[in-house]
Structures are given as structure tokens and as C-alpha cells.
Amino acid sequence: MNGSTALPPWLPTAPCTPGRCAAHPETGRDHPAERAGAVLAAARLTAGIGAVLVGVLLAPAAGLLPAAARLALVRSWVRAVVRAFGVRVRYEGTADAVTGPLLVVANHVSWLDIPLVAAVLPGRMVAKTEVRRWPVLGTLAALGGTLFIDRDRLRALPATVRAMSGVLADGGRVVVFPEGSTWCGRARGRFRPAAFQAALDSGSAVLPVRLDYGPTGAAAYVGDDPLGASLWRVVMARRMVASIRILDPISSIQYPDRRALAAAAERAVARPTVPEQTATEQTAPEPGVPRPTVPQPTVAKDSANLSSLSVHQRVSSRPTAASSFRTPA
């Protein structure tokens with residue numbers, strides 16, 4: 001459970017709470033057919049935790065592999081973790097046609113967001129400084145190249161943006177959740193503009209990604225919801241499907257400032273999803289309509305795109321010590 005430490009006033013919060021948003025009728029008592037049995041749920045939970053522990057044990061050895069092999073191993077691992085928890089994945093769009101340094105931005109719903117994005121668009125994640133001190137996960141986050149931000153020190157933000165710009169300038173990829181807080185998926189927060197300054201400074205493109213879940217409430221990890229309760233809701237859902245929609249890249253040179261760029265990315269993610277017959281589960285989709293060409297200075301480096309192994313927690317709608325990447329305006 002999260003604490004009740006007062007938050008600085010500039011940090012974003014969400015109105016979502018576990019009682020209102022995570023209490024989902026789709027898997028409630030009135031819909032027993034939509035719930036997995038306790039035995040299946042326990043098996044999924046065991047398998048998921050086991051998959052995470054395998055990653056922990058293999059992390060030192062993986063660090064000795066060449067960058068390309070290490071990247072492939074991380075992608076396979078995060079896919080296995082998601083599937084072990086009983087989540088099926090549908091991918092729409094393709095990342096193969098998008099090259100060069102990218103600022104990947106996505107809406108933030110759940111702890112599942114991190115492995116889902118890492119499975120298709122691995123990069124340097126941005127996380128709160130507190131994650132570094134977490135047992136096991138903090139070490140994995142640091143080894144994965146996570147860019148840590150001190151969310152309580154507004155003056156530290158420019159240094160984090162400069163670090164992001166440096167990764168992008170070197171041809172790498174940075175992944176952020178610019179809402180700064182998890183939302184339940186039925187509503188979304190506005191994209192905070194600070195992180196987009198890194199794309200402007202480096203001349204990099206922005207790649208919006210939309211994440212959707214069904215059942216929505218089962219996936220939501222909001223407010224003061226304990227991680228254990230969220231894990232149990234996920235494994236208890238008879239059939240949870242996560243949808244990852246990779247949208248068209250946005251050229252940063254088309255926008256005069258970070259606020260305009262953030263607003264453009266927010267509009268792209270908020271646009272209603274149109275069902276596509278080409279979406280597939282658990283495998284990358286066939287290339288669809290060609291994407292517009294976006295100027296890119298260099299080709300992204302595998303070594304710069306190693307996925308973070310950290311887990312972003314969410315921001316409570318009331319004062320709490322836990323948060324995901326929380327960026328002031």
C-alpha cells in the first residue's frame with residue numbers, strides 16, 4: 001500500500017481510484033463466466049512471477065551478450081512475462097518501418113504498459129528515482145539503462161531532459177508516459193510537455209502509441225491500489241486482451257514548441273481506435289499502409305534501445321509517495 005506523503009503541487013495526479021475504476025463488472029460476481037477459476041488464476045500468478053524471476057537470474061549473463069542478442073532476449077522475456085500472466089496481445093501497425101532516434105510516448109493505464117511497449121519498441125525508460133532503491137527491480141532498472149527523474153525536485157527536470165536528448169542524439173530511443181500518472185483507460189490525462197523538449201532539442205521524431213485493455217477495469221492500476229490486488233485482478237480475468245496501436249510518427253520540426261508537439265501527440269493517442277482485420281495476437285502484424293517519411297538523422301542503435309526492466313507504479317489521485325514518471329508542465 002502506498003503512503004500518504006503530501007506531493008509537490010506541480011506533480012500531475014489522476015482522478016481514478018481503485019473503487020471506481022478497477023472494480024470492473026466484466027469480471028465481477030454478476031459475471032462469473034468472465035472470471036477465471038481460482039486454480040487457473042493461481043497458476044497464472046505463479047507462472048508470471050516465475051517468468052520475472054527467470055529474468056532476474058539471467059540478467060547478469062545477458063549483460064555479457066552482444067547488444068543485438070541482448071535486445072532480442074529482453075524482448076522475448078517481456079513477451080513471456082505478459083503471456084504468463086494470461087494477457088493476450090494484439091498489435092496494430094508496425095515499428096519496422098520507423099527508424100532513427102525516437103521519443104516513444106504512450107498513454108498510461110497499468111504496470112503492464114511497460115513490458116508491452118518494451119516487447120515491440122524497446123528503449124530507455126524514464127522512471128522516478130525511487131525505483132532505483134526497490135529490491136531486485138531497482139537493480140534491473142539500472143542495468144536496463146533507465147533514466148531516473150527526481151520527481152520532487154523541479155530543478156532536476158532540465159538535467160533529465162538533457163539526458164533524454166543525449167540518448168536521442170546518439171540515435172537511441174526513449175520511452176515515456178507523458179500523462180505522468182496512470183489513468184483507468186476510460187479517460188485520459190493531458191500529455192505534459194516537458195519530455196517533448198528532448199525531441200525538439202535533438203531533432204527526433206515522436207512516435208505515439210495507444211494502449212487499450214479489455215476488460216478495462218481489470219487492467220487499471222490506479223490510485224492507492226496495491227500491486228498484489230492489481231496482479232490478482234489481471235490473472236482472474238478469464239480473457240484479458242491488450243491492444244497496442246503504433247501510430248504514425250510525428251516530425252518535431254513541424255511544431256514551434258514542446259506544448260504544440262505534446263498536444264499533437266495527445267490528439268493522436270486519443271483518436272478513437274478503428275478496428276482492423278489485420279491485427280494479430282502475440283505476433284507482429286503484417287505491414288499495413290505505408291507510413292509517411294519522417295526526417296531522421298541516424299539509425300537507432302540496439303545498444304541504446306535496451307528495454308528497462310523497471311515497473312512504473314501509478315500516481316494516486318490523492319497524496320501518496322508512489323508515482324510513475326511525473327513531469328511538470
| request: State, with a plain yes or no, whether a side-chain heavy atom of Ile246 is found less than 4.5 Å away from one of Tyr91. | output: no

- Message: Counting C-beta onward and ignoring hydrogens, is there a side-chain heavy-atom pair between Val209 and Val105 closer than 4.5 Å?
- Response: no

Validation row: Arg173, Val104 side chains within 4.5 angstrom (heavy atoms) = yes

Here the pair of heavy atoms bringing Leu168 nearest to Pro101 is O-CB, 3.1 Å

Met164 and Ala198 have their tightest heavy-atom pair at CB-CB, 3.7 Å

CZ of Arg245 to CZ of Arg90, rounded to nearest 0.5 Å, is 14.0 Å

Please tabulate, for the side chains in residues 113-123, all donor-acceptor contacts under 3.5 angstrom to protein atoms that are two or more places apart in sequence or on a different chain.
unit_1 : atom_1 : unit_2 : atom_2 : d
Asp113 : OD1    : Ser110 : N      : 3.4
Asp113 : OD1    : Tyr213 : OH     : 2.5
Asp113 : OD2    : His108 : ND1    : 2.7
Asp113 : OD2    : Val109 : N      : 2.6
Asp113 : OD2    : Ser110 : N      : 3.0

For Tyr255, the ring pair (Phe, Tyr, Trp, His ring centres under 6.0 Å) test, sequence neighbours excluded, returns none

* Taking the side chain as every heavy atom from C-beta outward, state whether Val206 and Leu102 have any pair of such atoms under 4.5 Å apart. => no

For Ser243 and Glu92, the nearest pair of non-hydrogen atoms, with its separation, is OG-OE2, 3.5 Å

Is the closest side-chain heavy-atom distance between Arg190 and Glu179 below 4.5 Å?
no

query = So, the side chain of Arg210 versus the backbone of Arg271: is there a donor-acceptor pair under 3.5 Å, distance only?
reply = yes

Do Leu65 and Leu58 land in one hydrophobic cluster if side-chain heavy atoms of ILVMFWY residues count as linked below 4.5 Å?
no

The reported gap from CZ in Arg162 to CG in Leu157 (rounded to nearest 0.5 angstrom) is 9.5 Å

CH2 (Trp232) and CZ (Arg44) are apart, to the nearest 0.5 Å, by 10.5 Å

* Is there a side-chain contact between Gln254 and Leu261, using heavy atoms and a 4.5 Å cut-off? -> no

Using the rule that two of Ile, Leu, Val, Met, Phe, Trp, Tyr join whenever any of their side-chain heavy atoms come within less than 4.5 Å, decide whether Val235 and Val54 are in one cluster. no

Taking every heavy atom of Arg75 against every heavy atom of Val78, the minimum-distance pair comes out as O-CG2, 3.2 Å

Between Leu247 and Leu207 the two heavy atoms that sit nearest each other are O-CD1, 3.3 Å

The single option from Val175, Val176, Val167 that satisfies side-chain contact (heavy atoms from CB on, under 4.5 Å) with Leu103 is Val176

- prompt: Linking I/L/V/M/F/W/Y whenever any side-chain heavy atoms sit under 4.5 Å apart, do Val234 and Ile49 land together?
  reply: yes

Hydrophobic cluster membership, with links at side-chain heavy-atom distances under 4.5 Å among I/L/V/M/F/W/Y: are Leu40 and Met240 in one?
no

ask   = Would Leu73 and Leu71 show up in the same hydrophobic cluster when neighbours are defined by side-chain heavy atoms closer than 4.5 Å?
value = no

Review point. Taking Arg233 for the side chain and Ala220 for the main chain, is one N or O donor matched with an acceptor at less than 3.5 Å?
Key: yes

Report task. Please check if the side chain of Ser252 supplies one atom and the backbone of Leu200 the other of a donor-acceptor pair under 3.5 Å. Result -> no

Q | Check: Gly172 main-chain N/O paired with Asp170 side-chain donor or acceptor under 3.5 Å | A | no

Does a side-chain heavy-atom distance below 4.5 Å link Phe177 with Asn107? no

- Quick one: are Val126 and Phe148 in side-chain contact, heavy atoms under 4.5 Å? no

task = Measure the acute angle between the ring planes of Phe196 and Phe191, then classify it against the limits of 30° and 60° as parallel, tilted or perpendicular.
result = parallel

Note: Ser230 and Trp111 closest approach over all heavy atoms is OG-NE1, 2.8 Å

